[in-house]
Amino acid sequence: MTHIPQEAIHLKILGRVQGVGFRPFVKQLAQQHNITGWVRNQGSVVEIVAEGSLKELSYFKEQLITKAPTNARIKELTTAQLPTQHYTEFTVLTSQNTPLTAPHIPPDYSLCDACLLELKSPTNRRYLHPFINCTQCGPRYTIMHQLPYDRKATSMENFEMCQNCLQEYTDPTDRRYHAQALSCPECGPILIFYQNDLIIKGNEPALSATITALKAGSILAIKGIGGYHLCCLASSASAVSTLRERKRRPSKPFAVMIPVKDNNDIDAIHHYANPTPLEIQQLTSPERPIVLIRKRNNTRIVEQVAPCLDEIGFMLPYSPLHHLLLAGVAEPLVMTSANISGEPVLLNTTEVEQRLGRIADAFLHHDRPILRTAEDSVYRIIANHPQPIRLGRGITPLEFELDFTLPKPLLAVGGEFKNTIALAWENRVVISPHIGDLGSPRSIEVFEATIAELSKLYGIEIHEIICDAHPDYHSSRWAHQSGLSVHTVFHHHAHASALFAEHKVNNEDLLVFTWDGTGYGPDKTFWGGEGLLGQPGNWQRVSSFKPFRLLGGEKAALEPWRTALSVCWEIDQDWSDCPYESNLLKQSWQKQINSPVSTSVGRLFDAASAILQQVYKADFEGHAPMYLEARANNTMGMSIELPLTNASRNLWECDWSPLIALLQDTNLSVQEKASAFHTRLANALVKQVEQINKDRDFKAVGLTGGVFQNRLLTEQVQRLLSEAGYTVYLPQHIPGNDAGLSYGQIIEAGYRDSKQK
């Protein structure tokens, strides 16, 4: 018999390789290639010692990458030769809690096909088990205390596995081998239904009571993966209206979860919406986000779900509990965050019952602790690309590599609204899940907890903080009170830098239009309609809009009628249809009292919506612009140009004044006016590009900021610029709204510091 020489190698694998079934995969792969040795989690990496023939070791190394589990993301594999130890088998060793090396935290994963099949199989012992999972699906980020990813480091640590589960957990051939959240009806978490004095414990009876309550038109608070949802029948006008009244949310659209036969049931969505292939692809992706899709008329989903809008945020069931609920109710369900007016979603059972007691008729709890929030991610397809509106469950923590190396760790604390934080060290940056608006104690509590938890998970000690230049943002105040070194970044510079870095524009100048609500500018006015040319760390303002005043300051964002008055007065006109008394306001405006200057395109959208009698008072951020877009008839509309002047220092300023006459033209319908408003702004942007390009050399244009979440406007601009020969960049992985500020702050500060050296 020919003796085959044995070799030994030591491998270390960095990346997202914990919580994805990587060790079971390594063991099975080793057995296929007659390799002995061991694998273990060591801190944040997977460590392997492998012995075998040179040929088989070569195949083994190659297939570690090419056949890795679907959810794995390998960043680096290092190899070193070792003397052979003559191992007789391949084993999985106990994890070592060594210092973290480039950790990668896995997000939460939606239910896989194999587990869904078992969930629905009466002969399977996990039939109808609301917490079924395996190495390829189930919670990760929301139940993880720390790395290494072992059961004792998760909120499943107090659930002792039964003998059957333990056998699966220790069987290398089983797909639940080392599945840390593993459980079954005998040993896993349980559901608890609570209504008034009625308490029902046990998965089947609690689930049955929940389904009965939902069918009866009740509103329930239901505990999920990253928090609670408020839930009711989307087909019940009375239930949805009651939810709106109790939650004090008159108009903001609700998301809807629809029942499906299986994970790939694309026919289900066609009953309620008219999706494009790309929208279906995003909806059915493993991340299972909410996707904004045009709704169909005359379906069982009532108008009150998304009043006056032509889109609904749809999502598919992503947890076993959701699949069971939707199958039992057999109706679309409203699934909206269980929170109070923009705060982060609630986690704690006692707090949920106390704070949502006036909203929910009943509660469905479970006893698996949620360690941190993760709201549902939200996307909209714009110009044939998915654009994130909110990043959360299934996607975050979201990581990118930097084009530079930081000398010390940085924390970026984002803005005031749609807050996220970003943690950066060496050449890595990690973006947190959506936190929300920072105007409440609960929001600040979650903001601080997220900073502490991400720092702990990644083993990073923060040395410096980057914040928005606005002195009154809660995030900026927190930064300046932290006792650490603080650097500021201007709002729109952060927007532009985020887009620049996302598309890796390299050394070419990029013209970025940053149109949004408002952001504090270097001239101490509130920008929101700017064109910035250059690169991170060196942006030059080259275009803007004619300034106007925001009546009442921050109140203008909540009451669009104020901006409508202001822009009319700015051009010496009165708005005769104003529904509110304005004499005292005009005196304040004339004396420039509490009326800061702004160039915001977002506020111009507000004014247009108010003048067209769509929205006088905003129920939510983006309320007025969303209604205006929904009224437009999706045509290019009237193409009359807005005046453009060289205001100062090659700053090309667009005059919005003709828009007011358009909006007050009684010969045009609301739909025609709304369409023409979009078209004139699109043409104005292209005209600014052409004028700037006469003196400056650039080939690409970026569109970011909340205004460019408007599909009608953005697609018109994208088409016109593409026809003119420009490359157009849109946000694709980082939200263009304020949720992307933290990432942009890291980029802007990093480039700025590197250029100063």
Side-chain angles (χ1 to χ4, degrees), residues 1-106 135-136 146-153 166-180 401 405 425-428 457-459:
M1 183 175 180
T2 304
H3 173 71
I4 301 176
Q6 298 291 294
E7 302 283 342
I9 55 175
H10 181 207
L11 305 172
K12 283 192 175 182
I13 304 177
L14 284 71
R16 188 197 293 171
V17 288
Q18 295 194 22
V20 295
F22 204 83
R23 288 174 298 169
F25 156 71
V26 172
K27 181 177 175 70
Q28 293 167 14
L29 189 63
Q31 290 174 334
Q32 292 171 18
H33 292 283
N34 297 314
I35 287 172
T36 59
W38 51 262
V39 60
R40 69 182 174 193
N41 285 340
Q42 185 188 48
S44 54
V45 306
V46 167
E47 184 182 17
I48 303 169
V49 169
E51 291 186 356
S53 71
L54 192 60
K55 179 180 179 181
E56 294 297 343
L57 286 174
S58 177
Y59 287 145
F60 176 71
K61 278 182 57 179
E62 177 186 341
Q63 292 176 8
L64 281 173
I65 297 174
T66 61
K67 293 187 176 182
T70 303
N71 294 323
R73 300 289 184 272
I74 295 175
K75 295 289 186 181
E76 182 181 339
L77 187 154
T78 61
T79 307
Q81 295 296 128
L82 287 177
T84 57
Q85 298 294 318
H86 305 292
Y87 294 101
T88 59
E89 60 180 344
F90 196 93
T91 58
V92 177
L93 300 184
T94 302
S95 299
Q96 286 191 331
N97 288 311
T98 57
L100 299 180
T101 303
H104 296 261
I105 309 300
T135 57
Q136 297 306 304
Q146 62 186 28
L147 290 175
Y149 180 65
D150 290 316
R151 191 178 183 91
K152 64 182 180 181
L166 186 59
Q167 182 178 350
E168 293 170 326
Y169 184 82
T170 55
D171 181 359
T173 65
D174 196 287
R175 65 186 179 84
R176 291 192 169 89
Y177 181 53
H178 281 240
Q180 306 304 340
E401 289 186 2
T405 299
W425 68 102
E426 298 175 355
N427 68 332
R428 300 175 62 192
L457 283 173
Y458 287 94

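Given the structure is predicted, the values throughout are model-derived calculations rather than measurements. Worth knowing before you read on, the calculation uses all heavy atoms, side chains too, and leaves out hydrogens, waters and symmetry mates.
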Spatial distance of atom [atom1] ([X]) from atom [atom2] ([Y]) [nearest 0.5 Å]:
{"X": "Gln32", "Y": "Tyr59", "atom1": "CD", "atom2": "OH", "answer": "13.5 Å"}
{"X": "Glu89", "Y": "Ile35", "atom1": "CD", "atom2": "CD1", "answer": "14.5 Å"}
{"X": "Leu77", "Y": "Glu62", "atom1": "CG", "atom2": "CD", "answer": "12.0 Å"}
{"X": "Lys61", "Y": "Ile48", "atom1": "NZ", "atom2": "CD1", "answer": "11.0 Å"}
{"X": "Phe90", "Y": "Glu51", "atom1": "CZ", "atom2": "CD", "answer": "10.5 Å"}
{"X": "Leu93", "Y": "Trp38", "atom1": "CG", "atom2": "CH2", "answer": "6.0 Å"}

Grab the two heavy atoms, one from [X] and one from [Y], that are nearest each other, plus how far apart they are.
{"X": "Ala153", "Y": "Pro148", "value": "CB-O, 3.6 Å"}
{"X": "Arg73", "Y": "Thr70", "value": "NH1-O, 2.9 Å"}
{"X": "Tyr87", "Y": "Val49", "value": "CE1-CG1, 3.9 Å"}
{"X": "Phe25", "Y": "Leu64", "value": "CE2-O, 3.8 Å"}

* Criterion side chain to side chain contact (heavy atoms under 4.5 Å, CB included) on Leu147 and Leu457, from CA distance to verdict -> CA-CA 7 Å; Leu147 290 175; Leu457 283 173; 5.7 Å; no
* Asked: Is any side-chain heavy atom of Gln6 closer than 4.5 Å to a side-chain heavy atom of Glu56?
  -> no
* To do: Go through the steps for Tyr169 and Gln180 under the test side chain to side chain donor-acceptor pair (under 3.5 Å), then give the verdict.
  => CA-CA 8 Å; Tyr169 184 82; Gln180 306 304 340; 2.8 Å; yes
* Salt-bridge test for Arg40 and Asp150: reply yes if a basic N is under 4.0 Å from a carboxylate O, no otherwise. => no
* Are any side-chain N or O atoms of Asp174 and backbone N or O atoms of Arg176, one a donor and one an acceptor, separated by less than 3.5 Å? -> yes
* **Test side chain to side chain contact (heavy atoms under 4.5 Å, CB included) applied to Thr135 and Tyr177, step by step** => CA-CA 7 Å; Thr135 57; Tyr177 181 53; 5.7 Å; no
Output side-chain donor-acceptor pairs under 3.5 Å for residues 10-21, partner residues at least two apart or in another chain, one line each.
residue	atom	partner	partner atom	Å
His10	NE2	Glu47	OE2	2.7
Arg16	NH1	Asn71	O	3.4
Gln18	OE1	Tyr149	N	2.7
Gln18	NE2	Gly43	O	3.0
Gln18	NE2	Val45	O	3.4

* Those residues that, when tested against Arg175, pass salt bridge (charged side-chain N to carboxylate O under 4.0 Å, His left out) (two or more places apart) -> Glu118
* Does Gln81 have any side chain to side chain contact (heavy atoms under 4.5 Å, CB included) partners at least two apart in sequence or in another chain, and if so, which? -> Glu7, Ile9
* To do: Give a yes-or-no answer on whether the side chains of Gln63 and His33 include a donor-acceptor pair shorter than 3.5 Å.
  => yes
